[in-house]
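Just so it is clear: chains get the letters A, B, ... in the order the sequence lines come, proteins before strands, and each one is counted from 1.
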Amino acid sequence: MKKDENFSEWYSQIVEKAGLADYISAKGFIVLRPYGFAIWDLIKSYLDQKFKETGHLNGFLPCLIPESLLNKEEKHFKGFNPEVFWVTSSGDSLLSEKLALRPTSEALLYSIFPKWISSYRDLPLKMNFWNTALRAEIKSTKPFIRNSEFLWQEGHTAHANKKEAEDEVMTILYLYKHFIEKVLSIPTISGYKSNKEKFVGADYTTALEGMMPDGKALQLGTSHNLGLNFSQPFEIKFLNKNNNEDFVWQTSWGISWRLIGALIMVHGDDKGLILPPIVAPIQIIIIPIYKDVNEHLVKDHANRLRDSLLALGYRVFVDERDEFTAGWKYNEWEMKGVPVRINIGQRDIENNNVEVVRRDNRQKNIVPMDNLSKEIEKIFQSLQTDLYCKAETFLKEKTKVITNFDDFKGILDGHSGFIVTGWCGNEDCEVRVKEDTGADIRVIPFDSKDLPTGPSMTNDVIRDCIYCRKKANKLVIFAKAY
RNA sequence: GGGAUCGUAGUCUAGCUUGGUAGGAUGCCAGCCUUGGGCGCUGGAGGUCGUCGGUUCAAAUCCGGCCGGUCCCA
């Protein structure tokens, strides 16, 4: 399957052939297979540790939310209503109140916060939940990218003052950014969402936006400042040091298994997945190459090699299956994206070396046994940075500074990408552009130095709003999005 | 939201126009052979043709509803 020729088909093929997920006969729902779940597990354990290091504790929330609760913050409710699944009966009898399958847990969790928060001593309250959310996707679903139920993590915090909440929003956003860029090797652009695109119920939303190989944007993580928007309707109050009642300042934030989708799209090639080492369920695959006469000798060597690599902390697997040839196994493990493969046969044993193949460029190297761990470490390092650089180069190539609307439309008619331009800040212009081109404001970068196009040129070049030509007060990135 | 297209064995698919015995590949099982880029040979098992209904002596095939997948456009 060719990634360049039919990207969408290629993507669905990888999901199935690499054994990540499968379909079930309910629209928009998928089944995660062990290999796909293992990737999620690795993402989860990495981030979970970071959350704990920054003072967050995990909890568990029910998946049903009474309508009245969801309804309490009006805008929030309206925003989610079209995609909420409702439970209306138990057995044959109708429920007295409809229950929503949680599209997100703010309302549910915040209804109970008042019981837990009464004094400034109870703050900050910082919790996280690893669960799923349900949002009905009527049309165009895509595994990991758009599903009616998805695995995610939602963090929720309450703070004594505005500044602390603002800091929390940024702490988490940069924690995500570090993970996505340094661990998943996917470059991102960080910034604010426009009012139209922000989380319903937030004062403002910060986000990380990535670019997929078809030039479309994919939101990879969000962190919201909820201000007092929930604490007021839910009456989450505390006594401050001066014995006055105050409302808490809140944040919420999340990433989802979309990150797996991004990994597939950004790094994969015609041979299949390519996984960065930290999130690879199997980091090293050992293929013993043997004949009947030396089968035991070679397999013993392979297993000893595995044991020594396991002892060094690597996730290693020896593919001892007799029913497949070596060549078949190469293809299989390349499809699954295993970063490093080690071939070991009679002649390697005699020469006290092994053949090491890295997944991304499939370069083969004969490596002496004594150098092996050093070589693996080197490959892991360079894989991590090479994957990032490749994606970053692409991002830069596909990001253009545009100052007039005709050029803007022209670019989006062909293959899309990111467009850096000016915006007056008026939502009408944003809506019009979306109607005319299908692109909307993905992110309002915090700083022009974060732009892939570099700061020097953009500050001077962009003066007007791309649509109404009035003075631009924001530098924004427009793109089509998933 | 609009359009197109598909659903046949675990998987991929032929057959559908012109109604009449479901065929292949791959995988699976048994036995041999072999393994440095999807090896080879022999034999075997595996099917409510997505689902519900209609037309017909007869439906995988024609018609309609529903369910699900995929793609394109908004």
Picking from B/C28, B/G37, B/U70, the nucleotide nearest the side-chain atoms of A/Glu334 would be B/G37
In whole Å, I'd like the distance from the NZ atom of A/Lys329 to the C1' atom of B/U35. 8 Å
Under a 3.5 Å cutoff, is there a donor and acceptor pairing between the side chains of A/Asp214 and A/Tyr11? no
Given the rule in the side chain to side chain contact (heavy atoms under 4.5 Å, CB included) test, do A/Lys271 and A/Arg362 qualify, once you have shown the distances and angles that lead to the verdict? CA-CA 10 Å; A/Lys271 288 292 209 170; A/Arg362 302 203 293 145; 3.3 Å; yes
Between B/C12 and B/G47, how far apart are the two C1' atoms, rounded to whole Å? 16 Å
With respect to the phosphate group of B/U70, does any side-chain polar atom (N or O) of A/Tyr23 fall under 4.0 Å of OP1 or OP2? yes
Select from A/Glu332 and A/Glu323 the residue whose nearest nucleotide in RNA chain B is closer to the 5' end of that strand. A/Glu323
Pick the P atom in B/U48 and in B/U5, then give their distance to the nearest Å. 28 Å
CD of A/Glu9 versus C1' of B/C12: gap in Å, rounded? 14 Å
Indicate whether any N or O donor in one side chain lies under 3.5 Å from an N or O acceptor in the other, for A/Thr88 and A/Lys98. no
Let me know the distance between OH of A/Tyr330 and P of B/G36, rounded to the nearest Å. 7 Å
Could you check which of B/G37, B/G68, B/U70 has an atom nearest any side-chain atom of A/Lys27? B/G68
Give A/Lys17 one of three labels, base, sugar-phosphate or nothing, depending on what nucleic acid heavy atoms sit under 4.0 Å from its own. nothing
Any strand is fair game: report the nucleotide pairing with B/G46 by Watson-Crick or G-U wobble, both distances under 3.5 Å, or none. none
Is it the case that the side chains of A/Ser382 and A/Arg358 hold a donor-acceptor pair, with the cut-off being a distance below 3.5 Å and no angle test? yes
Closest listed nucleotide, where the reference is the side chain of A/Val357 and the choices are B/U70, B/G37, B/G36: B/G37
Between P of B/U34 and CG of A/Asn294, the distance in whole Å: 13 Å
Winner on side-chain proximity to A/Ser12, out of B/G36, B/U70, B/G37, is B/U70
Taking atom P in both B/U13 and B/C67, compute the distance separating them and give it to the nearest angstrom. 24 Å
Kindly indicate whether the side chain of A/Glu16 and the base of B/G69 share any N or O donor-acceptor pair separated by less than 3.5 Å? no
Report which part of the nucleic acid A/Gly438 touches: base, sugar-phosphate, or nothing (heavy-atom distance under 4.0 Å, all strands). nothing
Should B/A25 form a Watson-Crick or G-U wobble pair with both distances under 3.5 Å, which nucleotide is its partner? B/U11
For A/Ser148 and A/Glu137, which I'm curious about, is there any donor-acceptor pair between the side chains at under 3.5 Å? no
Nearest of B/C71, B/U35, B/G36 to any side-chain atom of A/Asp292? B/U35
For B/G68 versus B/G24, give the span between their C1' atoms, rounded off to a whole number of Å. 26 Å
Regarding A/Asn229 and A/Asp203, is there a side-chain donor-to-acceptor distance under 3.5 Å anywhere? yes
Using a cut-off of 4.0 Å on non-hydrogen atoms, how would the nucleic acid contact of A/Arg321 be classed: base, sugar-phosphate, or nothing? nothing
Rounded to whole angstrom, note down the C1' distance from B/C57 over to B/G19. 12 Å
Is any side-chain N or O of A/Ser8 closer than 4.0 Å to OP1 or OP2 of B/U70? no
Residues A/Ile24 and A/Phe29: closest non-hydrogen pair is CG2-O, 3.7 Å
For A/Lys142 and B/C71, is the shortest distance between a side-chain N/O and OP1 or OP2 below 4.0 Å? yes
Could you state the atom-to-atom distance from CG of A/Asp22 to C1' of B/U11 in whole Å? 11 Å
Closest approach to the side chain of A/Ala326, judged atom by atom: which nucleotide of B/C71, B/G37, B/G36 is it? B/G36
For A/Thr141 and for A/Lys291, locate the closest nucleotide of RNA chain B by heavy-atom distance; then report the residue assigned to the nucleotide nearer the 5' terminus. A/Lys291
Ignoring hydrogens and angles, does a donor from either the side chain of A/Lys364 or the base of B/G36 sit under 3.5 Å from an acceptor on the other? no
Expressed as a whole number of angstroms, how long is the span from A/Glu137:CD to B/G69:P? 12 Å
Applying the salt bridge (charged side-chain N to carboxylate O under 4.0 Å, His left out) test to A/Glu332, which of A/Arg341, A/Lys17, A/Arg321 qualifies? A/Arg321
Check the distance between B/U26's P and A/Asn331's CG and give it to me in whole angstrom. 17 Å
Gap in Å between the two C1' atoms, one belonging to B/A58 and one to B/U21, rounded: 14 Å
When all nucleic acid strands are considered with a 4.0 Å heavy-atom cut-off, which category describes A/Glu435: base, sugar-phosphate, or nothing? sugar-phosphate
With P as the reference atom in both, quote the distance from B/C28 to B/C62 in angstrom, rounded to an integer. 35 Å
So what does A/Asp348 hit on the nucleic acid, given a heavy-atom distance under 4.0 Å: a base, only sugar-phosphate, or nothing? base
Using Watson-Crick geometry (N1-N3 plus N6-O4 or O6-N4) or G-U wobble (N1-O2, O6-N3), each under 3.5 Å, B/A4 is paired with B/U70
Once hydrogens and angles are ignored, does a donor-acceptor distance under 3.5 Å link the base of B/G36 to the side chain of A/Gln346? no
For atom CG of A/Asn343 and atom P of B/G36, their distance in whole Å: 10 Å
Whole-angstrom distance between B/A60 and B/C6, as gauged at atom C1': 14 Å
